[in-house]
There are 2 protein chains.
Amino acid sequence: MSTAESPDFRPLYAQVKELLIARLVRGEWRPGEVLPSEFSLAATFGVSQGTVRKALDEMAAQNLVVRRQGRGTFVAQHSQPQALFHFFHIRDEGGTKELPTGLVLELRGDRADRAQTTCLKLPARARVWEMRRVRVLRGKPVILERITLPAALFAGLTLPIGSEFPDELYILYQEKFGVTVARAEEKLRAVAADSLDAKALGVAKGTPLLEIDRVALSLDGTPVEWRLSRCNTARHHYLSEIE
Amino acid sequence: MSTAESPDFRPLYAQVKELLIARLVRGEWRPGEVLPSEFSLAATFGVSQGTVRKALDEMAAQNLVVRRQGRGTFVAQHSQPQALFHFFHIRDEGGTKELPTGLVLELRGDRADRAQTTCLKLPARARVWEMRRVRVLRGKPVILERITLPAALFAGLTLPIGSEFPDELYILYQEKFGVTVARAEEKLRAVAADSLDAKALGVAKGTPLLEIDRVALSLDGTPVEWRLSRCNTARHHYLSEIE
DNA sequence: CAGTGGTCTAGACCACTTA
DNA sequence: AAGTGGTCTAGACCACTGA
C-alpha cells in the first residue's frame, strides 16, 4: 500500500482502518449494509487479509461495524439490540433493562444561544432545533430532556408532538438524516428540581434530580446533539460499569 | 495443547488466557512484575506465539497487564498513572484530572448488616471493616464515603485516622493485602444531603448530592469492597465517556 | 455447496529497550 | 547485540450461513 504523497509511519492496519472509516463517513455503505469480505478488501487495499482483519476487529470493538460469522461484516445500526442500551444507562432497581417511551412536549427552531454554540461548536447565531420531551418508564415520567440539534444537519425535522411512542431518537437521526452517533461524553451532577422539572416529573420542587449533560458526536467527531436530561432517581439509577 | 480430561471447544487463546488469569489470581506474579515473554509462554503452553499474543492482547485490553515494547508484559498495578483515574471519575469543571487527598474519619470492625452481606455476598454476621472518610479536592471537602470491606480479606487493617494524605485505597489493597480490584459496578442517584453529609461537606442540609453506590470486584469476581459515596457536584461532575 | 468470518500456525522484519 | 513486543504476510483448517 503506497500513500506516496506523504511519509506515513503509522501501521498499515491503522491506515486501512482510517480509510474504511472515511468511507463510512462518506456514506459509501449505509447502516445495516454488508461490507466487502476481508479478502476482497485486502485485494483492493493491496494488503493481506490479516491486516484488514485487524482493522475490522478494532472497528467492531468501537461498535462501528458488527461482524457475523458466515454472513459478513455489517455497518452498525442503532436499531440493533446491543446498540439500544449503549447510550441509555438508566435502569430500574432490579437492574432490568426497560425500554422507555417518549413524549415530545415541544419542538421549535431558533438561533443558538451561547451555551448551545459552545457545546455544539457552532458559529454564533447558527440555527438549531430545540426539543423538550419526557421519557416514560413503567408508565411514570422519569426523565425530562432538553435536546439541541444543529439545524444544518437535521433539515425539515418534524416529530409527533404530544403523542407517546417507543422512542430512540438515534435511530431516527440515522435513518432519516444519515447522522450516526458514534460516541458521547456525559457529565453527571445532582441538582434540585425547578418548578418546570417538578411539574413534568410529578415531584416536589427542590427534589434532588440526576442531571446528565451529554454531547453526542458523529463518526467524524462532529458534535451532533446536546442533551440536558433531568432524571428522577427515586426508583431508577444510572448504571456505570468500570472494566 | 491438550486438556484431555474434558472436551473443551473453546478457542485455544481463550484457554491460554484463562490459565494466565488463574495464575495471576494465585499470585504467581506480583503486580508490577514482568511475565515470561510471548515465546516462552508459547513454549510452556505448547501453542504458537500468535495464540499467546491474542490472549495477552485481550488481557491488556482489560487492564490486567500492561505491555511495553522492548521491555515485556507486566502485571497491572493500581499505582500506574493510567490506572489512577480508571476508577475515579470525578472531574472539575474544566475536566481537569485532579488527584484527591483523603481524610479518614473513622475505622471500626463490626458484624455485617443485611445490606452489607447482600452487596458483598458474605454469610450472615460476617466480620467487616467499616470506614468513613472525606475526600478533598483543591482544599475543599467534596466527597463523603462509607466503605465496607470483608474483614477476611483485610486482616489487621489500620489507617492513619484524622490525617490527610494523598490517597488511593486500591493501591493499599493491592500492596498490603494482595487484593487487586479488576472491575466495578456503580449505580448513581441524586439524593438530598442529610445532616451528617451537610456537616462533612460544608453544605446546607437538603442540598442535592450525587450518590455513587459502587461494588468493586477482584480478578476472580469476588466482591471486595462496597463503597457508598456522596459527592457535592456544585463545582465537580462525574464523567462518563461512551464509546 | 461456496462464501464468510474465526482460529491457529510459522516465519519474517521492525522498533524499542537494556546491557 | 540480544531480547522484547508490534506488524505483516501466507496459508491452513474450522464453524457458520444461506442458496
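Letters A, B, ... are given to chains in the order of the sequence lines, protein chains preceding strands, and every chain is numbered from 1. What you see below is based on every heavy atom in this structure, not just the backbone, and it leaves out hydrogens, waters and symmetry mates.
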Counting just side-chain N and O atoms, does [X] come under 4.0 Å of either OP1 or OP2 of [N]?
X       : N     : answer
B:Ser37 : D:dG3 : no
B:Tyr13 : C:dT7 : yes
A:Thr51 : D:dT9 : yes

query = What parts of residues 61-74 of chain A reach DNA chain D, counting only heavy atoms under 4.0 Å away?
reply = A:Gln69, A:Gly70, A:Arg71

Give the rounded distance in Å between these two atoms: [atom1] of [X] and [atom2] of [N].
X       : N      : atom1 : atom2 : result
A:Lys54 : C:dT7  : NZ    : P     : 15 Å
A:Arg10 : D:dG6  : CZ    : P     : 17 Å
A:Gln49 : C:dC8  : CD    : P     : 15 Å
B:Leu35 : D:dG3  : CG    : P     : 19 Å
A:Glu58 : D:dG6  : CD    : P     : 12 Å
A:Arg53 : D:dA10 : CZ    : C1'   : 14 Å
A:Glu38 : D:dC8  : CD    : P     : 16 Å
A:Asp57 : D:dT7  : CG    : C1'   : 15 Å

N/O donor-acceptor pair under 3.5 Å between [X] side chain and [Y] backbone:
X        : Y        : result
B:Gln174 : B:Pro31  : no
A:Arg135 : A:Ser229 : no
B:Gln15  : B:Arg10  : yes
B:Trp129 : B:Phe154 : yes

task = Please step through salt bridge (Lys or Arg N to Asp or Glu O under 4.0 Å) for the pair B:Glu175 and B:Arg30, ending with a clear verdict.
result = CA-CA 9 Å; B:Glu175 291 182 353; B:Arg30 308 219 16 108; over 6 Å; no

request  = Apply salt bridge (Lys or Arg N to Asp or Glu O under 4.0 Å) to the pair B:Glu93 and A:Arg189, showing each step before the final yes or no.
outcome  = CA-CA 11 Å; B:Glu93 290 315 303; A:Arg189 287 182 195 83; 3.0 Å; yes

inquiry  = Considering every strand and a 4.0 Å limit on heavy-atom distances, what is the contact class for A:Phe39: base, sugar-phosphate, or nothing?
reply    = nothing

message = Run B:Glu38 and B:Lys54 through salt bridge (Lys or Arg N to Asp or Glu O under 4.0 Å) and show every step you take.
response = CA-CA 10 Å; B:Glu38 295 179 352; B:Lys54 177 139 184 172; over 6 Å; no

